[in-house]
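Below is one structure; the comments refer to it alone.
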Amino acid sequence: MAKWSFLSLVLGDITQKGYEKKRAKLLAPYVPQTQGVEPAFQKESKPQLPVPSAAPASAPAAASASKFHRARSGGARDERYRSDIHTEAVQAALAKHKEQKMALPMPTKRRSTFVQSPADACTPPDTSSASEDEGSLRRQAALSAALHQSLQNAESWINRSIQGSSTSSSASSTLSHGEGKGTSGSLTPGCAASTGRSSRHNFISVYCVAYVYSCRKLPRVQSCCMQVAFGVPVSSRVSTKIQQLLNTLKRPKRPPLKEFFVDDFEEIVEVPQPDPNQPKPEGRQMTPVKGEPLGVVCNWPPALEAALQRWGSTQAKCPCLTALDVTGKPIYTLTYGKLWSRSLKLAYTLLNKLGTKNEPVLKPGDRVALVYPNNDPVMFMVAFYGCLLAEVVPVPIEVPLTRKDAGGQQIGFLLGSCGIALALTTEVCLKGLPKTQNGEIVQFKGWPRLKWVVTDSKYLSKSPKDWQPNISAAGTEPAYIEYKTSKEGSVMGVTVSRVAMLSHCQALSQACNYSEGETIVNVLDFKKDAGLWHGILTNVMNKLHTISVPYSVMKTCPLSWVQRVHAHKAKVALVKCRDLHWAMMAHRDQRDVSLSSLRMLIVTDGANPWSVSSCDAFLSLFQSHGLKPEAICPCATSPEAMTIAIRRPGVPGAPLPGRAILSMNGLSFGVIRVNTEDKNSALTVQDVGHVMPGGMMCIVKPDGPPQLCKTDEIGEICVSSRAGGMMYYGLAGVTKNTFEVIPVNSAGSPVGDVPFVRSGLLGFVGPGSLVFVVGKMDGLLTVSGRRHNADDIVATGLAVESIKTVYRGRIAVFSVSVFYDERIVVVAEQRPDASEEDSFQWMSRVLQAIDSIHQVGVYCLALVPANTLPKTPLGGIHISQTKQHFLEGSLHPCNILMCPHTCVTNLPKPRQKQPGVGPASVMVGNLVAGKRIAQASGRDLGQIEDNDLVKKHQFLTEVLQWRAQATPDHPLFLLLNAKGTTVCTATCLQLHKKAERIASVLSDKGHLNAGDNVVLLYPPGIELITAFYGCLYAGCIPVTVRPPHAQSLTATLPTVRMIVEVSKAACILTTQALMRLLRSREAAGAVDVKTWPTIIDTDDLPRKRLAQLYKPPTPEMLAYLDFSVSTTGMLTGVKRSLLWLEARKAFRAVKLWIQCRLGAQKSLLQRREGGLWSGHQEFCCCLPLGEQGILPGVKVVIVNPETKGPLGDSHLGEIWVNSPHTASGYYTIYDNETLQADHFNTRLSFGDAAQTLWARTGYLGFVRRTELTAASGGMRHDALYVVGALDETLELRGLRYHPIDIETSVSRTHRSIAECAVFTWTNLLVVVVELCGCEQEALDLVPLVTNVVLEEHYLIVGVVVVVDPGVIPINSRGEKQRMHLRDSFLADQLDPIYVAYNM
């Protein structure tokens, strides 16, 4: 930092450009140059200051190891996918995008969340650079200036982003949401400033003030730097990003598909039409390819156990297996004699010493688990052969480390399905297993109860001299079970018979030309696959000497396998591409090694199409060390078919096999085409040799029946051979589809009767019967009918300058099924030192690269912290577990980018309004169709009015006076506390007397006249009720108002003030505590307390009553005013007449709860042809309101809200009501007769000869004649179904949606979603969710919310906002205020945890 301060002192003021040049020059020595990257790309990525890292205080490792770790400290690519050609292709594809790169809206992230790196050096001009911990005073002081600057420079910043970096950094982008609170005061003069975290009630008040003053009283603000919509400033950071998002979405990636709409769930989606120009296979049908005959060698044993017995007896001192210590030095060599004798002891112990003679624990054919660590091949080999000699079936598995190992539960399922009750292990391994507090081994999740047996020699019993194992010729009985994890994550056990095991060893011996006494180096896992087949089985068959190099040694000493080849003059080495790469990285540590002894370097993951680059690079580096080009032998293997093909060692000097350069576009259609057009979209693959001896191979279509492919078609490789798996243990159905495949021709007729085994590999047979593999079935991603390989997409992602962003090249690619198609998800581990800017830039480039090279969109791209993805036992990414975490919402990404607009091309066609269909046509159509008009009514009101009591007491005040005399002690009201205990009561007489006193106070203290408005400021309770009746006694008009909150006066008091002003109240009735609050110093900070009308407290009332109670002259007079804030944010005052009260008193109270629909309401709310509203009522679980629900004297009709014409039975429309007790109109200080007439006194446009006056309820519903019978008789009656409020509906893509439906779907996607609210802005759906869990779960919600809304509502979410609990505003009736939430969001007042803009 001294250098930086010196620079600023000496240079004084310098320009931004000069500063950047100086800064780049100073940092140049510390910034590594990326090889193979265009200078333009290097210039764009800003250099980062070197971050010092704390050195761990652990024991020093070997010098070579530490040097190696420094070399590949965190950005090393996964070299399985390394390809310089592909890297150049990706950079060329990105260069095309460079000219037209757009400013994508970068996600907004709270600074306290997921901080992984220091703030970026370059921030956009609308940024407040003050950090969160520098205090709020400095933040508030700079707020106005920063906001003004941001509004002025927004356009220039966007333009600069288009030319330079894609967007601003999220850690420092514009004003943080926390800083944005209270900015509304500087934007609109009437907006109330809010400080601190607002509660739900704060939002109500702030919004009411903003709405009334900015929309009603003040003219719209006109400014060159600000636009105002609906009274809300929208030129904030949020709306700028939304505009960027809209600009991005306006650019279609490819021509839209043909659109249509069918109202059936199975056919509702857009079916992609096949491209007429797509490549099609043109070759002839392939014929199965045979390998060379399996030779008959006279000295081959009849069984593998016989070979062990032979070498153990005759060549006892010959070395069989050498194990290495952690430094890579030989630690122990197992001879054939030792292997035979120790295996014999174990077999005898298993059969005779674990139980009693009459009840042995094991018998031949039982399955046993082998639990041995990867660094102990000797003990594993003894246990494996001990099981074979005892005729029990070994099932090798990985050592469980914790109860929650990735895939551990599925391993337990395999053990259970195999009926395993016994596990063999070593003493050291047993001590290392996790234990309970009692010292017992923990019960692993999903595992059966196991008995653990230690197989160290000191615990084994020596067999009697007369005991010999039963060694018979190899038959079809199971020899061992090898576990395999499927694409979905389930674990299956591939059963290998003894004859298949023997035949496979013979085929490998012939193909690799093994001879007795050869030394091989095995770097693979010796418990499964090629490591087991070569290093444990074929080893004994041919009396080989295996040097086993465990994975743990490779991590500390990556050159160890090369050193072992050099030291032991090994003839064969078994490796993977990663081992080649690691050896190249550490090659400088030791140059005097020779690989001239190698005749075969078997690359066992040669089936990976990206292995060719690793092989070429390794050869170019080690050819000078004696490595022969013809020694590199890729092979293809699978657990089911075992070794499928292997390249035989070539003749020195002979030309190497050619490569296939294939078109990726052709491969996506399953067709082999040599790439000639776009060199960027090419895949270079090498062959994996010929079919194994004694085997036969064919290629069948990967989907549907096993039809033979054409010669230029990609398909699944199937093998028929004695050397292959026989079944999945215990899974007969899956076994038949995999191990008993009979290929068919194009006509569907079987081709021969020889069963084939599916290998799970995709490929083709090329010229000279060479086998080429282009991918795996498990990595197949079928999107819109095209097939993509996960490995290819991983390779493309790694080619995009991943070294700065991706931790050790760890990328997982998989697909998830969303909305009737597969969607591609890319998850990568982010380097701890990667900046937000670099990460977002990398994500943007990966999207472009994959789209250019593979012509497919990525649905979701997520970055997670380093070392957090689930791992396989050898350290790779556990793909199925990662996918499960993603779908469960437990992946915890630190960056995420969703692109549903790009990927989802099968949405139904937006609905278009049909012109020319009027209400008369609709009505005639209903009559012709036999549908009656949707009307319903309650009982006739006249039936209950023939009562002397009703005629005598017309008003509620008269009824209360009568009841005070007739039943004075009858309790009318009970007040309950939170525990349900009664704390206060009001009898008829008590209520009457208190009301009289209040009426007297209003007259004496308030000097009020009849008709004056009085605000009642009370919490819900009996005081409010007595004040209400007191006003009626005095002839005043009560206006009930929710009292302000003492903790948030600034936000809640303006609402009270506004209602007092709008209602022109002459007096306020309240309690003493609230009166003090209204006149307090805190209240003076929010409103002008001197302008309150007369305030009267009702705590201590004088014992005085009015001489005469007020009696209204007519029932039509105003009774009270009902002010409320609607869910859309509108403050309305509704006038209730005495007639309304008079009618209400005749009925018992009926409270209707509109029940939210849990099912899919897509069909319910869609607009049908002819402008009709229609719906399937089976999708709504609303409360049927029959005769009990429709009140007496009420008529209901269902109306089209646009044409105001009546609808037919079961059609969805607005509910209109005609009754004597509807409200009489809106209370307003403005004269708006049109609005009042439209809402309270409106007529049907057609079909009502009586010209009935109706009141519009604003609710959507339908009437249906039900099968239920009325209480009065056996006739069917009408049921009214209410589905939601009309003004809440969202119109998207021509369809109407209710927010509650979308919110219900979203709320059940994740346990941490406390509440949810949705609204629309510029045709984008915005979903706001409250997170009740930890902030690290915030980004998990983004894909879950996007998925569920797409699946259940056929809508693409535009913006997902994650906020703290309590942020979504709720009004006094418990309803969400979505419009207020929208305005707070656009004004940057929410302080969200995360805002995701879906692309």
Side-chain angles (χ1 to χ4, degrees), residues 182 184-185 187-195 198-221 230-232 1012-1019 1037-1070 1074-1075 1077-1080 1082-1095 1120-1135 1225-1232 1235 1369-1373 1375 1377 1379-1381 1383-1384 1387 1389:
S184 57
L187 296 175
T188 308
C191 291
S194 168
T195 57
S198 300
S199 69
R200 290 174 181 258
H201 306 292
N202 299 18
F203 281 100
I204 303 169
S205 307
V206 175
Y207 178 72
C208 295
V209 174
Y211 181 85
V212 171
Y213 282 95
S214 63
C215 290
R216 293 288 180 92
K217 291 191 174 180
L218 292 173
R220 180 171 294 181
V221 180
F230 305 113
V232 179
D1012 286 345
N1013 294 345
V1014 177
V1015 166
L1016 308 185
L1017 204 62
Y1018 294 94
I1037 312 300
V1039 183
T1040 57
V1041 180
R1042 191 181 187 90
H1045 280 259
Q1047 292 82 10
S1048 53
L1049 274 182
T1050 310
T1052 57
L1053 196 57
T1055 307
V1056 178
R1057 177 74 206 167
M1058 179 180 56
I1059 296 177
V1060 169
E1061 283 189 5
V1062 172
S1063 65
K1064 299 179 179 177
C1067 173
I1068 299 176
L1069 287 183
T1070 185
L1074 283 171
M1075 184 172 71
L1077 186 64
L1078 291 180
R1079 292 172 171 168
S1080 65
E1082 293 81 5
V1087 298
D1088 185 0
V1089 296
K1090 296 178 181 179
T1091 59
W1092 288 121
T1094 305
I1095 303 176
Y1120 71 94
L1121 289 177
D1122 185 4
F1123 278 90
S1124 65
V1125 181
S1126 71
T1127 56
T1128 56
M1130 175 77 76
L1131 178 73
T1132 53
V1134 179
K1135 296 188 290 186
Y1226 288 126
Y1227 184 86
T1228 173
I1229 53 179
Y1230 314 102
D1231 294 325
N1232 193 344
L1235 181 66
I1370 304 291
N1371 67 9
S1372 57
R1373 298 192 301 276
E1375 299 166 329
Q1377 291 184 278
M1379 293 305 101
H1380 177 198
L1381 178 68
D1383 300 339
S1384 300
Q1389 294 172 348

Over all atoms of both residues, closest heavy-atom pair of Pro1043 and Pro1019
CG-N, 3.8 Å

Identify the heavy atoms of Arg1057 and Val1087 that sit nearest to each other, and give their distance.
CB-CG1, 3.9 Å

State, yes or no, whether a side-chain contact exists between [X] and [Y] at a heavy-atom distance under 4.5 Å.
X: Pro1093; Y: Val1060; value: yes
X: Thr1055; Y: Pro1044; value: no
X: Tyr1018; Y: Leu1069; value: yes

The criterion is side-chain contact (heavy atoms from CB on, under 4.5 Å); which residues satisfy it with Ile1095, sequence neighbours excluded?
Ile1068, Thr1070, Met1075, Leu1078, Arg1079, Trp1092

Residue list, side-chain contact (heavy atoms from CB on, under 4.5 Å) with Ala1083, at least two apart or on another chain:
Leu1049, Leu1053, Ser1080, Val1089

Does Asn1013 reach the main-chain N or O of Ser1063 with its side chain, forming a donor-acceptor pair under 3.5 Å?
yes

Taking atom NZ of Lys1064 and atom CG of Leu1121, what is their separation to the nearest 0.5 Å?
11.5 Å

